[in-house]
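All of these numbers come straight from a predicted model, not from anything done at the bench.
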Amino acid sequence: MAAVKKKRWPYVLGGILVLLIAIVAVVLWRLDAILLKAARDQAATYSQKLGRPIEIGDVSTKLFPYVGAHIQNVSVGAAEGEDLPLAEVKDVTVSVAAMPLLTSKGKDIRVQDAEVSGLTVNVIRLADGTTNVQRLQEKLAAQQPKEETPEEETQPTDLSGVHVERAALTDGTIRFVDRAGGAQARELAVKDLDIEVKDLRVGQPLKVDLAAAVLAEKQNLKMTLAAAPLPATLIPTPEQVTLKAEHIDLSPLGPFLPPDVGLQAGTLDADWKADLGGAVPGGKGPTKLVGVIKALGMKFAGSEGGKALDVVLDTDVTGDMATGDLALDKLKLDLGPAAITGKGKVKGLLTDKPAVEGFELTGRNLDPAVLAEYYPPLRKQLNGMIAGPIGLDVRGSGTQEAQAINIAVDLTPVRLRVPDQLSKEAGGAMKLNAKVTGAAASGGALRFDAKADLNGVDMRPGLLVNKAPGQRLEVAAAGTYAPAKTGSGMTVNVTSMSLGALEDTVTGTATVALAGTGKKATTTFKADVKAAKLDAEKLLMSEEQVLARTGGKPPPEPPPGEANRFNGYRGDIQFAIASLRYTAMDLTHVTGVVKMVDDLITVEKFSTGIYGGKVVADGTTIRLGPAPAARPFTAKVQVQGLEVAQALAARTPKQVLTGKFNGNVDVQGVGYTPDKLQQTLLGGINGNLLEGTFLGKDLVSSVTGPLAKAVPFAKALKSGDVTSLGANLPFSVTIKNGVAQLSKPITWTRPEAAMSFDGGIGLDGTLDLTGGVSLTPATIKTLTVGKVTPTEAIPVGLKISGKAWSPEVTGIDVKPAATTILKLAGGAALGGLLGEKGKAVEDILTGGQDKAKAEAEAKRQELEARANEEKKKLEDQARIEQEKARQRAEEEAKKRLKGIFGGK
């Protein structure tokens with residue numbers, strides 16, 4: 001039995017092996033079918049999106065020793081109205097080493113070969129002049145979401161485990177078929193297209209070779225791209241580009257280019273090589289451009305007289321951005337009648353030992369309008385913005401001790417039309433002259449000294465600066481420039497700058513440093529600006545001037561920028577202006593320091609003399625990130641000795657108030673327009689009005705006039721049309737929703753009467769005041785022609801409404817006062833008849849003074865109660881706002897602390 005078992009086990013093992021092989025064969029057979037079905041399902045989905053049938057012939061797989069896939073006969077078919085498929089591919093083969101992939105759990109990916117063979121792309125020009133490629137692009141663009149959410153920055157993928165031994169596109173063809181000519185179709189092709197990459201992996205240099213037969217039977221275009229050793233992301237840093245083209249006839253391609261190009265004829269030859277070096281991000285070392293590119297006999301539809309444009313670039317140029325080296329052994333760019341030529345050398349411009357050897361860079365006949373005669377699409381691109389020859393001349397001069405490059409750009413003969421910015425007629429002065437030198441004293445930085453004459457420019461099309469042609473506009477700046485030693489960024493130090501505009505001159509210094517990239521980019525700046533006189537009212541366009549240029553229509557609001565566009569800005573600006581004219585205000589000794597952190601602008605210091613007094617605005621803030629209508633601000637202003645009449649003169653149709661104001665303004669709000677401020681303005685104003693006078697209304701006469709009519713024997717007092725507010729009138733108002741409400745009634749006493757009012761005033765100058773005028777005994781005696789002399793003042797209630805410059809006195813209630821006077825008059829007459837005994841009878845009959853006294857006390861209590869109630873409401877609201885502000889400040893502090901300590 002044991003012997004029988006020993007003979008049976010090989011058969012059992014063999015059966016198991018056969019079974020496993022059969023299972024694997026079935027799995028492989030079904031796997032291909034499953035993958036083919038999945039691929040065709042995906043193709044059907046994309047067919048609907050593209051409006052073109054997508055077909056896949058076959059999919060076969062291999063699992064060992066290479067994991068691979070072989071896809072055959074893939075096509076993206078024709079859309080409606082087309083007779084050829086957009087693209088066809090005969091074979092796509094990919095093979096990946098299986099064992100490294102399995103043992104590394106998918107981290108070691110070794111691609112043995114990835115090849116696309118037999119690709120054919122058909123570009124068809126249809127009867128309407130469009131191409132199938134254009135139609136496909138329009139279809140895809142229509143499916144894009146209207147608003148794309150910005151992508152968040154992610155860490156680059158580590159592809160250090162990927163190794164591609166070979167990737168290639170072979171035997172590719174791009175066919176151009178012109179159906180726009182009717183039944184007789186024209187066909188041409190770029191054939192024998194080969195692209196190959198070998199040994200793509202981390203740490204190895206990358207080389208991409210491209211070759212093709214462009215409208216020819218043999219390959220006549222070759223291009224090579226070489227890159228530095230690849231990083232873990234496999235994102236290449238190009239180092240060298242080589243281009244060779246052998247007399248390629250471009251005219252057959254014309255119908256397939258966008259219609260606005262209108263290419264009719266031309267040839268291309270090239271033998272050109274570029275060592276890119278530090279000219280590309282991440283690159284290092286010198287940049288060298290050697291060779292010739294010729295595009296000859298270029299004819300375009302609509303050119304004047306069928307002119308042909310020859311474009312020739314012939315270069316032997318070497319430059320190093322790190323050291324400031326530039327060698328123009330040969331530089332010639334011909335653009336038809338225009339040309340730019342250069343020669344000479346600059347060495348060490350960014351070091352402490354610069355040298356210039358016969359450096360010249362000059363332009364000839366650089367007139368865009370003339371070039372548009374050869375290339376009509378340029379006319380549409382320029383849109384009439386520029387016409388006339390541009391003068392360009394760059395020359396190096398000097399000795400070893402004093403090297404310099406002089407740059408001269410002359411746009412005086414040029415006509416400019418820059419929409420919504422500026423314009424200039426031919427012949428108007430517009431020049432730039434600059435000198436660039438090495439600056440050993442500043443540690444190798446580049447020193448510059450530039451001056452610009454813009455007298456011929458008209459700045460009024462920008463609807464901001466009121467500068468006409470011929471008026472003065474001159475800019476000068478001198479300083480140093482140095483690139484950052486860490487790579488990206490730079491520092492510009494302007495040691496002197498001046499701006500001459502119209503009759504004024506502004507001078508100063510500034511420093512700007514740029515560092516970092518992307519969301520980590522920072523801009524740090526500092527400026528110190530001074531001027532003896534600045535008339536901003538003349539320099540800036542008035543609203544009437546803007547409307548005159550826009551035909552009476554308000555200028556369009558600028559589109560809102562991104563809320564975080566100021567992130568990374570840090571700096572401060574210090575200014576001192578001896579005399580400033582702005583919006584009908586004459587300011588003197590204007591000094592201040594403004595600080596910026598991201599979008600938060602803080603006025604750390606500000607003071608100025610204005611309207612005979614002084615204003616200090618330290619602590620005022622505003623955020624620039626939101627749109628203008630949503631920008632929050634706080635204003636903290638201290639005022640001393642301000643002449644109120646002068647301050648209000650330009651803001652009210654008539655004079656309203658005189659006197660001097662000392663006090664504080666502390667408000668906050670959102671937006672700047674009156675409508676927004678009426679909704680958002682909060683805060684308070686408190687202070688004292690010295691020797692004040694309320695103009696336009698005599699409140700005493702306003703009361704005594706109606707009172708005289710109610711008392712038969714009374715005579716109205718003469719009106720002075722003004723109301724004196726006393727030597728010192730303290731007041732305090734709380735602002736809410738654009739209305740200034742008195743925190744407590746204002747009271748003052750004059751020889752004629754004592755006055756008390758409560759209420760508020762709107763931002764539009766509308767008054768809403770309720771109070772009373774208590775006429776003194778002397779005033780009552782004068783009013784009654786000596787017939788009545790009360791022992792105490794007699795009150796009269798009233799309201800003040802309307803605009804502050806045209807107030808209306810309403811609600812005058814003279815009945816209680818008239819009754820009291822009449823009773824007092826009757827009692828006085830009886831007392832005169834009865835002598836001493838008549839006084840007692842007078843008091844019994846009238847009770848006038850007691851009643852008047854009671855009524856006055858009742859009125860006072862009523863006003864006080866109303867004032868206390870309103871004050872309590874405002875105090876409650878202020879506490880709520882303060883609590884909200886405190887909570888916001890705590891949240892902001894927490895966020896900043898998180899940023900400082902790494903989010904912990």
Go through Val436 and Tyr481 one step at a time and tell me if the side chain to side chain contact (heavy atoms under 4.5 Å, CB included) criterion holds. CA-CA 10 Å; Val436 181; Tyr481 158 82; over 6 Å; no
Between atom OG1 of Thr505 and atom CZ of Arg472, what is the distance when rounded to the nearest 0.5 Å? 3.5 Å
Donor-acceptor under 3.5 Å (Thr509 side chain, Val494 main chain): no
Contact summary for Leu225 and Pro238, nearest pair of heavy atoms: CD1-CB, 3.9 Å
Looking at Pro626, is its backbone amide N or carbonyl O close enough to the side chain of Arg631 to form a donor-acceptor pair, meaning the two atoms are under 3.5 Å apart? yes
Could you measure the distance from the CG atom of Leu624 to the CD1 atom of Ile601? Nearest 0.5 Å is fine. 4.5 Å
Could you tell me whether a side-chain N or O of Asp449 sits under 3.5 Å from a main-chain N or O of Gly479, the two making a donor and an acceptor? no
With side chains defined as the heavy atoms from C-beta onward, is the minimum distance between Arg417 and Glu425 less than 4.5 Å? yes
Would you call Lys533 and Asp504 a salt bridge, using N to O less than 4.0 angstrom? yes
Name the residue from Glu474, Lys467, Met459, Met430 that meets the side chain to side chain contact (heavy atoms under 4.5 Å, CB included) definition with Leu454. Met430
Smallest heavy-atom separation, Gly625 atom then Arg565 atom, equals O-NH1, 3.0 Å
Are the side chain of Asn455 and the backbone N or O of Gly470 linked by a donor-acceptor pair below 3.5 Å? no
Within a radius of less than 6.0 Å around CD of Gln381, do more than 12 heavy atoms belonging to other residues, nucleotides or ligands occur? yes
Ignoring hydrogens and angles, tell me if any N or O in the side chain of Asp598 forms a donor-acceptor pair with the backbone of Leu600 under 3.5 Å. no
With rounding to the nearest 0.5 angstrom, report the CD1 to NZ distance, Ile577 to Lys530. 12.0 Å
Please evaluate residues Asp599 and Tyr569 with respect to the criterion side chain to side chain contact (heavy atoms under 4.5 Å, CB included), reporting the C-alpha separation (whole Å), side-chain torsions for both, the decisive distance (0.1 Å), and the verdict. CA-CA 8 Å; Asp599 73 331; Tyr569 282 79; over 6 Å; no
Do Ser498 and Thr507 have side-chain atoms, one donor and one acceptor, less than 3.5 Å apart? no
Only one of Leu499, Leu539, Val465 passes side chain to side chain contact (heavy atoms under 4.5 Å, CB included) with Leu473; say which it is. Leu499
Closest non-hydrogen atom pair, Ala274 against Leu289: CB-CD2, 3.5 Å
Is a side-chain N or O of Thr287 found less than 3.5 angstrom from the main chain of Leu276, in a donor-acceptor match? yes
With side chains defined as the heavy atoms from C-beta onward, is the minimum distance between Leu411 and Lys431 less than 4.5 Å? no
I'd like to check Lys519 versus Asn567 (side-chain heavy atoms, cut-off strictly below 4.5 Å). Are they in contact? no
Any luck finding a side-chain donor-acceptor pair between Thr591 and Ser607 under 3.5 Å? yes
Have a look at Trp272 and tell me which of Thr242, Asp314, Thr315 forms a side chain to side chain donor-acceptor pair (under 3.5 Å) with it. Thr315
Check whether any side-chain N or O of Lys424 sits under 3.5 Å from a backbone N or O of Thr412 as a donor-acceptor pair, and report yes or no. yes
Donor-acceptor pair, Asp535 side chain versus Glu537 backbone, under 3.5 Å? yes
Heavy-atom side-chain contact between Ser423 and Arg460 under 4.5 Å: no
Taking the side chain as every heavy atom from C-beta outward, state whether Asp329 and Lys345 have any atom pair closer than 4.5 Å. yes
For the residue pair Leu642 and Ile610, establish whether any side-chain heavy-atom pair is separated by less than 4.5 Å. yes
Is Asp316 salt-bridged to Lys288, going by a charged N under 4.0 Å from an acidic O? yes
With a 6.0 Å cut-off (strictly less than), is the heavy-atom count around CD of Glu503, excluding the residue itself, greater than 12? no
Would you name the heavy atoms of Ala338 and Asn365 that are closest together and state the gap between them? CB-O, 3.1 Å
Can you confirm whether Phe633 is buried at CZ, in the sense that more than 12 heavy atoms of other residues, nucleotides or ligands lie under 6.0 Å from that atom? yes
To the nearest 0.5 Å, atom CZ of Arg395 lies from atom CD1 of Ile405 at 13.0 Å
Heavy-atom donor-acceptor pair, Thr495 side chain to Ala478 backbone, under 3.5 Å: yes
What's the spacing between Lys343 NZ and Glu360 CD if we round to 0.5 Å? 4.5 Å
Can you find a heavy atom in the side chain of Arg581 that is under 4.5 Å from one in the side chain of Lys538? no
Candidate pair Lys614 and His589, rule side chain to side chain contact (heavy atoms under 4.5 Å, CB included), full reasoning: CA-CA 10 Å; Lys614 183 179 180 180; His589 304 295; over 6 Å; no
Search all heavy atoms of Pro236 against all heavy atoms of Leu206 and return the closest pair with its distance. CB-CD2, 3.8 Å
For Ala531 and Val506, the nearest pair of non-hydrogen atoms, with its separation, is CB-CG2, 4.1 Å
Exceeds 12 heavy-atom contacts within 6.0 angstrom, atom NZ of Lys605: no
A quick test of your reading: do over 12 heavy atoms of other residues, nucleotides or ligands sit less than 6.0 Å from CZ of Phe566? yes
May I ask you to decide whether Lys526 forms a salt bridge with Asp572, counting only side-chain N to carboxylate O separations under 4.0 Å? yes
Going through the distances and angles, do Phe525 and Ile573 end up as a side chain to side chain contact (heavy atoms under 4.5 Å, CB included)? CA-CA 8 Å; Phe525 62 89; Ile573 299 175; 4.0 Å; yes
Does the side chain of Arg364 come within less than 4.5 Å of Thr362's, by heavy atoms? no
Pairwise distance NZ(Lys435) to CG(Asn406) - rounded to 0.5 angstrom: 5.5 Å
